[in-house]
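As structure tokens, the structure follows; a few thoughts come after it.
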Number of protein chains: 2
Amino acid sequence: MCQIFTKNYTKMSNKTKRFILPEEEIPRYWYNIQADMVNKPLPPIHPATKQPLKAEDLFPIFPEECCRQEMNQTDQWIEIPEEVRDMYKYYRSTPLVRAYGLEKALGTPAHIYFKNESVSPMGSHKLNSALPQAYYAKQEGTTNITTETGAGQWGAALSYAARLFGLEAAVYQVKISYEQKPYRRSIMQTFGAQVTPSPSMSTRAGKDILTRDPFHQGSLGTAISEAIELAMMTPNCKYTLGSVLNHVGLHQTIIGLEAEKQMAMAGEYPDMVIGCFGGGSNFSGIAFPFMRHTILEGKQTRYIAAEPDSCPKLTRGKFEYDFGDESGLTPLLPMYTLGHNFRPANIHAGGLRYHGAGVIISQLLKDKMMEAVDIPQLETFQAGTLFARAEGIIPAPESSHAIAATIREAKKCIETGEEKVILFNLSGHGLIDMAAYDQYIAGNLQNYRVTDDDLNKSLADADALNK
Amino acid sequence: MCQIFTKNYTKMSNKTKRFILPEEEIPRYWYNIQADMVNKPLPPIHPATKQPLKAEDLFPIFPEECCRQEMNQTDQWIEIPEEVRDMYKYYRSTPLVRAYGLEKALGTPAHIYFKNESVSPMGSHKLNSALPQAYYAKQEGTTNITTETGAGQWGAALSYAARLFGLEAAVYQVKISYEQKPYRRSIMQTFGAQVTPSPSMSTRAGKDILTRDPFHQGSLGTAISEAIELAMMTPNCKYTLGSVLNHVGLHQTIIGLEAEKQMAMAGEYPDMVIGCFGGGSNFSGIAFPFMRHTILEGKQTRYIAAEPDSCPKLTRGKFEYDFGDESGLTPLLPMYTLGHNFRPANIHAGGLRYHGAGVIISQLLKDKMMEAVDIPQLETFQAGTLFARAEGIIPAPESSHAIAATIREAKKCIETGEEKVILFNLSGHGLIDMAAYDQYIAGNLQNYRVTDDDLNKSLADADALNK
């Protein structure tokens with residue numbers, strides 16, 4: 001299926017494979033979708049007072065400029081600081097790639113494009129937000145920053161960004177990922193970050209969680225609790241987050257803004273935009289810039305978020321105010337959530353193991369501006385391996401959710417004969433995740449499925465803990 | 001030192017960081033330096049008859065077109081097949097990058113550029129030759145190919161290329177690397193290759209080696225013996241090699257040919273061209289296209305090969321006819337060699353653990369057209385970590401030898417104040433080599449040095465075995 005050169009070799013010499021913007025075309029502004037949304041996101045509220053929060057209320061936790069961006073519902077465009085643009089040039093623009101190999105392997109008439117964020121030196125899109133967050137922290141006189149990380153993509157990006165801007169970084173990594181992906185820990189340490197598996201005994205939140213369950217494997221929720229607590233207890237220290245929040249999605253719009261120009265170079269416009277979904281950062285990045293044409297001009301484009309069936313906040317969650325972390329240290333956020341005590345199965349896509357969706361995404365889903373699909377783990381590895389063999393890039397398990405959703409749509413085109421244009425975001429590569437591919441090659445992932453019963457039990461457990 | 005944004009922030013917004021060729025500018029011909037060499041390389045000779053070999057004599061082992069290229073001393077330019085160019089477009093051109101971050105970290109007036117071959121989906125330059133070798137094999141009706149690999153960069157590239165062109169691949173991986181770098185094995189398996197640690201019991205050569213030394217850790221020499229034997233014993237099967245041979249260096253000239261155009265985009269020309277050195281493939285690739293201007297026009301450029309001090313074939317080897325493999329299955333090649341039984345220390349730069357240099361390189365070194373430096377392992381990790389923190393890319397331990405040599409030269413410029421232009425090849429990234437960085441971070445590499453006594457003993461051992 002992936003033997004590209006058979007007797008029927010199709011010349012592609014005159015076709016462009018990769019579209020790359022000149023450096024002077026790299027966008028100078030991020031796109032703030034909040035300004036254009038018909039129904040604005042509801043505000044975060046204080047868990048004790050039940051009052052809506054203002055930007056200033058978040059200043060003790062996050063860099064102040066990030067707080068202002070978080071709450072900004074008026075400015076459509078926010079300028080990217082020159083120092084951040086200079087660092088974007090170290091790896092941007094990322095290529096927009098026509099997936100000729102995948103199209104051929106599938107035999108689909110669809111035109112498949114992917115934005116290749118895996119070429120970032122940290123291996124994923126996460127650097128797009130790590131750079132501005134570290135930059136703003138430094139500008140405001142911060143000396144230390146903390147964060148959480150799942151698979152380690154965000155932690156690696158933040159460790160590098162912190163080093164660049166001269167900040168000390170402390171990273172809490174979800175314990176199961178800390179053990180599954182030791183190389184990502186090494187990458188963070190190479191950049192000089194301190195890395196601790198979460199839950200840990202180094203914070204009150206971690207101790208409480210371990211007291212309740214000494215064998216807790218960790219989740220983004222536990223790691224966030226610990227990282228926030230450390231930031232609050234440390235002078236001159238701020239907390240940073242790699243997904244979920246509005247300002248993170250804002251920074252990531254550089255992906256879609258570039259892709260928009262690059263699709264124009266290719267002479268096409270997407271019928272579908274697809275991204276994998278953990279908290280929303282890469283999906284927001286690829287989707288929002290296109291969605292503005294849907295909001296403002298009525299462009300008919302489908303936006304599809306692909307989440308794991310074992311952590312299905314968009315397809316099975318409830319829209320309600322919930323905490324962003326396991327211990328309830330964050331403000332209450334209006335979001336689709338599985339409950340902040342939800343413990344997802346130990347799937348390899350560590351970056352998608354989060355219980356809730358960002359508030360912008362949640363509002364857009366509620367307003368039917370976008371769709372969501374949930375994908376079983378085995379299907380994601382089948383899709384990832386097919387993609388690797390056809391395009392040469394081994395995708396991250398997270399990104400393979402977007403590939404699987406793309407393949408589903410491309411197969412529909414085989415039936416209908418339609419030449420739909422599909423754009424998906426390849427959020428990262430899987431070179432650090434080869435232990436997961438090993439399990440797939442060995443046939444062991446077949447035995448590792450999340451059943452409906454498992455999921456219902458996890459949801460019930462989370463409900464019980466919430467009470 | 002690596003805090004790029006301090007009070008004295010220098011704007012680089014108007015400066016270009018990365019130079020990328022449009023797809024139509026990707027070279028259509030490889031450069032064959034043999035045609036321009038004043039002293040042509042001596043021919044390989046048959047170990048039994050002592051007669052010089054012709055291209056046809058190699059047909060049973062290699063794809064025929066590769067054999068013709070190997071012996072071609074007349075054609076300056078060799079056309080890249082259209083099907084190979086189509087696949088080059090999946091990742092080429094690779095960026096030429098101005099290393100502003102590294103320059104600043106060093107405080108050097110030198111202008112440092114690197115060609116970033118690590119963006120290839122397989123993580124190194126090796127795909128440049130894997131694609132044409134697999135293509136020619138397929139064109140000639142071959143169904144199976146074999147090869148050896150050290151760190152796994154070449155094996156991964158060949159496994160992918162084989163899959164693309166519909167060939168079955170069997171890879172012998174040096175045992176120590178097989179154990180040190182399990183992720184590269186997984187990558188090869190993801191592309192469907194069969195991977196065996198060498199020496200193994202699956203070949204006569206492997207059995208003989210293990211009989212002599214049951215604890216043999218493997219070397220490129222043992223893996224080559226096994227891969228050749230398997231190819232000779234299997235119908236419709238050819239052997240492929242990732243370095244050393246002339247046709248491999250030929251394919252790699254795409255690196256330097258692109259770099260030449262990109263340096264012109266930057267408005268500069270290198271005073272020095274630097275590459276790490278195992279068998280010669282990436283060094284040839286970056287250096288030969290520039291060297292043609294030295295040969296033909298007398299351009300004053302220094303070409304510096306950086307090898308590990310534990311495997312110093314260029315700086316400590318003898319120029320003589322020697323076998324390319326441990327068991328003596330190959331023709332005798334005129335090269336700088338440490339002896340085909342030389343067992344290098346288990347350094348992390350598995351790709352540089354080869355006893356000899358390719359015949360073209362050997363002739364050029366003999367003719368003083370180029371230089372060589374040997375670098376201790378600790379210095380390479382210091383250089384690699386400095387580079388990672390300054391440029392964001394974690395380099396392969398192999399490539400860090402080129403970085404270390406570049407840093408030495410850049411430091412000289414601090415003393416002299418000269419704005420020398422240095423170009424080095426970043427042959428690959430180190431994301432699969434994080435276990436090695438772990439050792440460095442933990443301070444354990446300090447205890448792991450090759451002393452002169454060790455080296456002299458290894459050389460004496462090899463001499464004794466050769467007799």
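Chain letters run A, B, ... following the sequence lines, proteins first, then strands; residues in each count from 1. What you are looking at is a predicted structure, and each value in this text was computed from that prediction instead of being measured.
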**Asked** Can you say whether A/Arg98 sits under 4.5 Å from chain B via the side chain, the backbone, both, or neither, judging by heavy atoms?
**Response**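 Looking at A/Arg98, nothing touches chain B.
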**Prompt:** How about A/Gln194: does its CD atom have over 12 heavy atoms from other parts shown lying under 6.0 Å from it?
**Reply:**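 No.
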**Prompt:** Does atom CD of B/Glu168 have more than 12 heavy-atom neighbours from other groups under 6.0 Å away?
**Reply:**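 Not buried by this count: 12 neighbours or fewer within 6.0 Å.
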Quick one: what part of [X] sits under 4.5 Å from any heavy atom of chain A, side chain, backbone, both or neither?
{"X": "B/Glu391", "result": "both"}
{"X": "B/Ala435", "result": "both"}
{"X": "B/Arg28", "result": "neither"}
{"X": "B/Arg184", "result": "neither"}
{"X": "B/Tyr183", "result": "both"}
{"X": "B/Ile441", "result": "side chain"}
{"X": "B/Tyr437", "result": "side chain"}

**Message:** Once rounded to the nearest 0.5 Å, what's the spacing between atom CD of B/Gln189 and atom CE of A/Met434?
**Reply:**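 With rounding to 0.5 Å, CD (B/Gln189) is 8.5 Å from CE (A/Met434).
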**Prompt:** How long is the gap from OH on A/Tyr91 to CD1 on B/Ile393, to the nearest 0.5 Å?
**Reply:**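 Atom-to-atom, A/Tyr91:OH and B/Ile393:CD1 are 12.0 Å apart.
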Between [X] and [Y], what is the shortest heavy-atom contact and its length?
{"X": "B/Thr16", "Y": "A/Glu23", "value": "CA-OE1, 3.3 Å"}
{"X": "B/Pro121", "Y": "A/Gly392", "value": "CB-O, 3.0 Å"}
{"X": "A/Leu164", "Y": "B/Arg389", "value": "CD2-O, 4.1 Å"}
{"X": "A/Lys89", "Y": "B/Lys15", "value": "NZ-O, 2.6 Å"}

**Asked** Quick one: which of A/Asp438, A/Ile394, A/Leu431, A/Asp433 gives a side-chain contact (heavy atoms from CB on, under 4.5 Å) with B/Ser186?
**Response**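 Single pass found, and it is A/Asp438.
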**Asked** Between B/Arg163 (side chain) and A/Ala390 (backbone), is there a donor-acceptor pair under 3.5 Å?
**Response**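 Not a single qualifying donor-acceptor pair exists.
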**Message:** Closer than 3.5 angstrom, by distance alone: can the side chain of B/Arg18 be matched with the main-chain N or O of A/Ser93 as a donor-acceptor pair?
**Reply:**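 At least one qualifying donor-acceptor pair exists.
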**Request:** Anything under 30° is parallel, anything over 60° is perpendicular, the rest tilted; go ahead and classify A/His429 against B/His429.
**Result:**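 Geometry flag for B/His429 against A/His429: parallel rings.
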**Prompt:** What option among A/Ile187, A/Ile20, A/Val119 has the most heavy-atom pairs under 4.5 Å with chain B?
**Reply:**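 Most pairs with chain B among the choices: A/Ile187.
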**Message:** For a 4.5 angstrom cut-off between non-hydrogen side-chain atoms, does A/Tyr100 reach B/Tyr90?
**Reply:**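 Side-chain contact under 4.5 Å: yes.
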